[in-house]
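Notes follow the structure.
The basis for the numbers below is simple: all heavy atoms, side chains too, and nothing from hydrogens, waters or symmetry mates. Lettering of chains follows the sequences in order, A, B, ..., and the numbering in each one begins at 1.
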There are 2 protein chains.
Amino acid sequence: MVTLSEENYLKAIYHLAKPDKASVSTNAIATKMLTKASSATDMIKKLAEKGLVDYQKYQGVHLTEKGRFAAVFVIRKHRLWEVFLVKKLNFSWDEVHEVAEQLEHIKSEKLTQQLDAFLDHPTEDPHGDPIPDCEGNLPSTQKILLAQIERAESCICVGVKDSTSQFLQYLDKHNIALGTKIEVLSKESFDESMSINVKNHQLTISKEVAHNLFVKIS
Amino acid sequence: MVTLSEENYLKAIYHLAKPDKASVSTNAIATKMLTKASSATDMIKKLAEKGLVDYQKYQGVHLTEKGRFAAVFVIRKHRLWEVFLVKKLNFSWDEVHEVAEQLEHIKSEKLTQQLDAFLDHPTEDPHGDPIPDCEGNLPSTQKILLAQIERAESCICVGVKDSTSQFLQYLDKHNIALGTKIEVLSKESFDESMSINVKNHQLTISKEVAHNLFVKIS
DNA sequence: ATAAATTTTTAGTCTTGTCTAAATTTTAAG
DNA sequence: CTTAAAATTTAGACAAGACTAAAAATTTAT
């Protein structure tokens, strides 16, 4: 049995470890969990005892296969609930995170399966993040940050990196949603701002925005 | 802020106090919560400090208006989720309780409201229990126990008192569901067993069954 | 009306998850 | 290569919610 707190730590470790295979530091975990390093150390020991992470003092942690699956399964539930909230209960994409943070801990295999079926087995959540299947596999996606585009080119918004409501509401305000076509017109080398065209409206976006929007070349 | 544990105690007190206005004893609460009397005392003190119950040492508790509302609101959420599970996710009525026990603690006003609307403002859960409205009012129902019927008479199943899966599965096996017409043929004074007719099948039910089935005279 | 039985409360302990402060280890700098 | 800085762990404490055992209050029965 994995407790609610343990699930949250596993998720944090999973997200921190995502890009590479490097070990995740105690401090990184504490920062992500908004707790102190000593609390993280305590929890790491519990996770290690349960076989959810590999841990050597002072050397950070790695998720074990068991830990990775537990983390991915919570993420699967989180994202399915987000889809439910947006598609069925008329939440907007900037309102779902908090509620999904609670719903993701509900324990019922049948609930998850049936919810998945009810939603027609979605593969992405409302922010464009992939939903792991029931075996814990993530559909591989090939998305790049808008900021990585260097020349005038056309692309499609496929996800957000930052999913705080501030950023999502900024996108709403400028009519940028998943699937929206974005034409890059130019990029300012001084401040990395970009001039783009969205639905026939020209718009200048900052480096910060460009670094938090995932696109695919169209 | 009311904790998960506090919500469960409030629910227990509400259910124990339901019929009359008498105070609820520490022991009764402890028994219902499957804990010890000392634990109940501890919690009662917390609830009293938060103004959720009126408490005098050795004299049991009463819910305050605030406490009653908190309890009813949790019950509202519980029953809405039960409807969701049965109507939308194909759960059967004997599978919903455990999951709803978890879902009832999710905190989001919007979630509850939207769920209620999504389900078309249901007034009853899958066991025939009334769903409080968002102001905490319960539709008054006039149902009686099947056991209270003394003569050959026709009635309709409108609810269950015991909603354990054992009992619900017994009802399934004998084709008794909410809305099913039940004709009372005779009652045995020796053991209070009853002979009834359901969908053209004659059936003898025990006192235990008759005392756990709510009906209304048709 | 008082003794016995029952109920309730108190006192002290435990576990989970957190904290602060101090000690230890690792990393980085000179 | 040695010391200063940063990161990590340990030690001890606390709050929530539970428990056991013992004390106190209430109820029941004679």
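In this structure, NZ of B:Lys36 is placed 16 Å from C1' of C:dT6, rounded to the nearest angstrom. If you take CG of B:Asn8 and P of D:dA16, they are 17 Å apart, rounded to a whole angstrom. Rounding to whole angstrom units, CD of residue B:Gln56 and P of C:dT9 are separated by 11 Å. Across the protein-nucleic acid pair, B:Ile44 atom CD1 and C:dT7 atom C1' stand 12 Å apart, rounded to whole Å.
One finds a side-chain N or O of B:Ser5 lying less than 4.0 angstrom from the OP1 or OP2 phosphate oxygen of D:dA18. Residue B:Lys45 has a polar side-chain atom (N or O) positioned under 4.0 Å from OP1 or OP2 of C:dT10. Residue A:Tyr55 places at least one side-chain N or O closer than 4.0 Å to OP1 or OP2 of D:dT9. Look at B:Ser39 and you won't find any side-chain N or O under 4.0 angstrom from OP1 or OP2 of D:dA18. For A:Asn27 and D:dA6, the shortest distance from a side-chain N or O to OP1 or OP2 is not below 4.0 Å. Residue A:Lys57 places no side-chain N or O under 4.0 Å from the OP1 or OP2 atom of C:dT24.
Using a 30° and 60° split on the angle between ring planes, A:Phe118 and B:Phe118 fall in the perpendicular class, above 60°.
Judged purely by distance below 3.5 Å, without hydrogens or angles, the side chains of A:Ser25 and A:Asn27 never pair a donor atom with an acceptor atom.
With hydrogens and angles ignored, a donor-acceptor pair closer than 3.5 Å exists between the side chain of B:Ser38 and the base of D:dT20.
Contact record, B:Glu104 with B:Trp81: N-CD1, 4.1 Å, taken as the closest heavy-atom pair.
Across all strands, A:Thr41 comes closer than 4.0 Å to base atoms (heavy-atom distances). If you check every strand for non-hydrogen atoms under 4.0 Å, B:Thr26 touches sugar and phosphate atoms only.
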